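This report concerns only the one structure given below.
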Amino acid sequence: AISAPWIQDEDQISQALSYSGGFGVQYSYWFKSGFGVATGLNMQLYQSHVRLEKLDAFMGKDPHISNVQLNTQLHQINWPLKVLLQRKLSNRISAFIHPGIVLSYRYWEDFESSAIQSQLNKEITGVISEPFGDSELSKISMEIDIETGISVKISRRMMIYGGLNLMTGISPIDRQSDLDFETNKFAGQYNPLWMDPNSRNQVQFVGFSLGVSYILKKRDNN
């Protein structure tokens, strides 16, 4: 869910798919049938799993460290503002699309690393140092969010829904970039998710959503 654009061009580094999720509440108001707005509050966890084949020799010394695993978690509080567009396909089934923007406060970052030390043939932890760390992450960020899918009415006031959720950051994760990136990028001196001076790194998310909605007040034209 966290992207680093420069990773795509590197042979010895790869980024696996990872789980991200959260929970929250949402209030929707319909102006007329098929058109409304929504806002709410939710807590979100975004994760990233990155693998480096090895750490390069640095200052003439080879650390003999390979299969480096880097796990990062970003914890956010999100305040979305969405437009609700809906079209009835039948009496019970409707298609919807909910575009909007999200204002986020990033309140915590977790980072851990592990690797194999080939000379000792054992796993070690705390391999990568992160000199910038949480203090250099942007606390406030903006994202664009689009959710689309199908809702099914199961009673007069209740419906279930499922769909696809797409989100991309407008503002970068990091406040600044590492000017020495080209010198030490594989030497264990950084978290590769946000240390490239040539590209700013953003939260990007693609996922499936499932839920249940209950209408507290029914409008005649909805």
Side-chain angles (χ1 to χ4, degrees), residues 1-22 43-78 104-143 166-207:
I2 309 170
S3 73
W6 70 273
I7 288 178
Q8 306 301 321
D9 301 324
E10 294 290 342
D11 293 332
Q12 65 167 311
I13 188 168
S14 59
Q15 188 170 14
L17 294 176
S18 58
Y19 164 80
S20 296
M43 300 185 71
Q44 197 77 26
L45 165 65
Y46 298 108
Q47 297 190 95
S48 181
H49 305 298
V50 175
R51 178 183 176 275
L52 281 168
E53 289 188 7
K54 65 175 182 177
L55 296 186
D56 289 343
F58 188 62
M59 302 296 291
K61 296 182 179 180
D62 189 345
H64 301 285
I65 292 176
S66 60
N67 194 27
V68 184
Q69 305 290 334
L70 312 174
N71 301 312
T72 302
Q73 296 182 348
L74 297 180
H75 302 258
Q76 294 187 178
I77 297 175
N78 293 341
S104 299
Y105 173 71
R106 188 169 296 118
Y107 63 92
W108 193 261
E109 179 221 356
D110 289 329
F111 175 72
E112 59 183 23
S113 61
S114 63
I116 300 297
Q117 216 294 334
S118 57
Q119 288 182 319
L120 301 176
N121 194 27
K122 63 180 293 188
E123 184 179 74
I124 56 177
T125 58
V127 180
I128 297 289
S129 63
E130 198 174 6
F132 293 100
D134 185 68
S135 64
E136 293 301 326
L137 292 179
S138 300
K139 294 296 184 182
I140 305 296
S141 62
M142 292 285 293
E143 290 94 27
L166 309 173
M167 189 269 285
T168 183
I170 302 174
S171 56
I173 298 174
D174 55 321
R175 291 180 182 174
Q176 64 183 40
S177 299
D178 182 6
L179 299 180
D180 297 323
F181 177 81
E182 291 300 326
T183 302
N184 63 19
K185 65 179 180 178
F186 291 129
Q189 305 298 310
Y190 71 104
N191 182 336
L193 287 178
W194 42 78
M195 289 298 174
D196 182 2
N198 299 314
S199 63
R200 307 305 298 275
N201 302 293
Q202 299 169 327
V203 173
Q204 293 184 339
F205 174 80
V206 178

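Source: prediction; values computed, not measured. By convention here, the first residue in the shown sequence is residue 1.
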Can you give me the closest heavy-atom contact between [X] and [Y], atom names plus distance?
X    : Y    : answer
S114 : E123 : OG-OE2, 4.2 Å
I65  : A115 : CG2-CB, 3.4 Å
A57  : P63  : CA-CD, 4.2 Å
L55  : D62  : O-OD1, 4.3 Å

Is there a side-chain contact between [X] and [Y], using heavy atoms and a 4.5 Å cut-off?
X   : Y    : answer
H75 : D110 : yes
L45 : Q73  : yes
R51 : N67  : yes
Q12 : D56  : yes
L70 : F111 : yes

Donor-acceptor pair, Q117 side chain versus L120 backbone, under 3.5 Å? yes
Taking S113 for the side chain and V127 for the main chain, is one N or O donor matched with an acceptor at less than 3.5 Å? yes
Inter-residue atom distance [X].[atom1] - [Y].[atom2], 0.5 Å rounding:
X    : Y    : atom1 : atom2 : value
Q47  : L74  : CD    : CG    : 9.5 Å
K139 : I77  : NZ    : CD1   : 11.0 Å
M167 : Q204 : CE    : CD    : 9.0 Å

For [X] and [Y], does a side-chain donor sit closer than 3.5 Å to a side-chain acceptor?
X    : Y    : answer
Q76  : S104 : yes
S141 : E143 : yes
S48  : Q15  : yes
Q69  : N71  : no

Report the relative orientation of the aromatic rings in Y46 and F205; use parallel for angles under 30°, tilted for 30 to 60°, perpendicular for over 60°.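 Taking F205 first and then Y46, their aromatic rings stand perpendicular (interplane angle over 60°).
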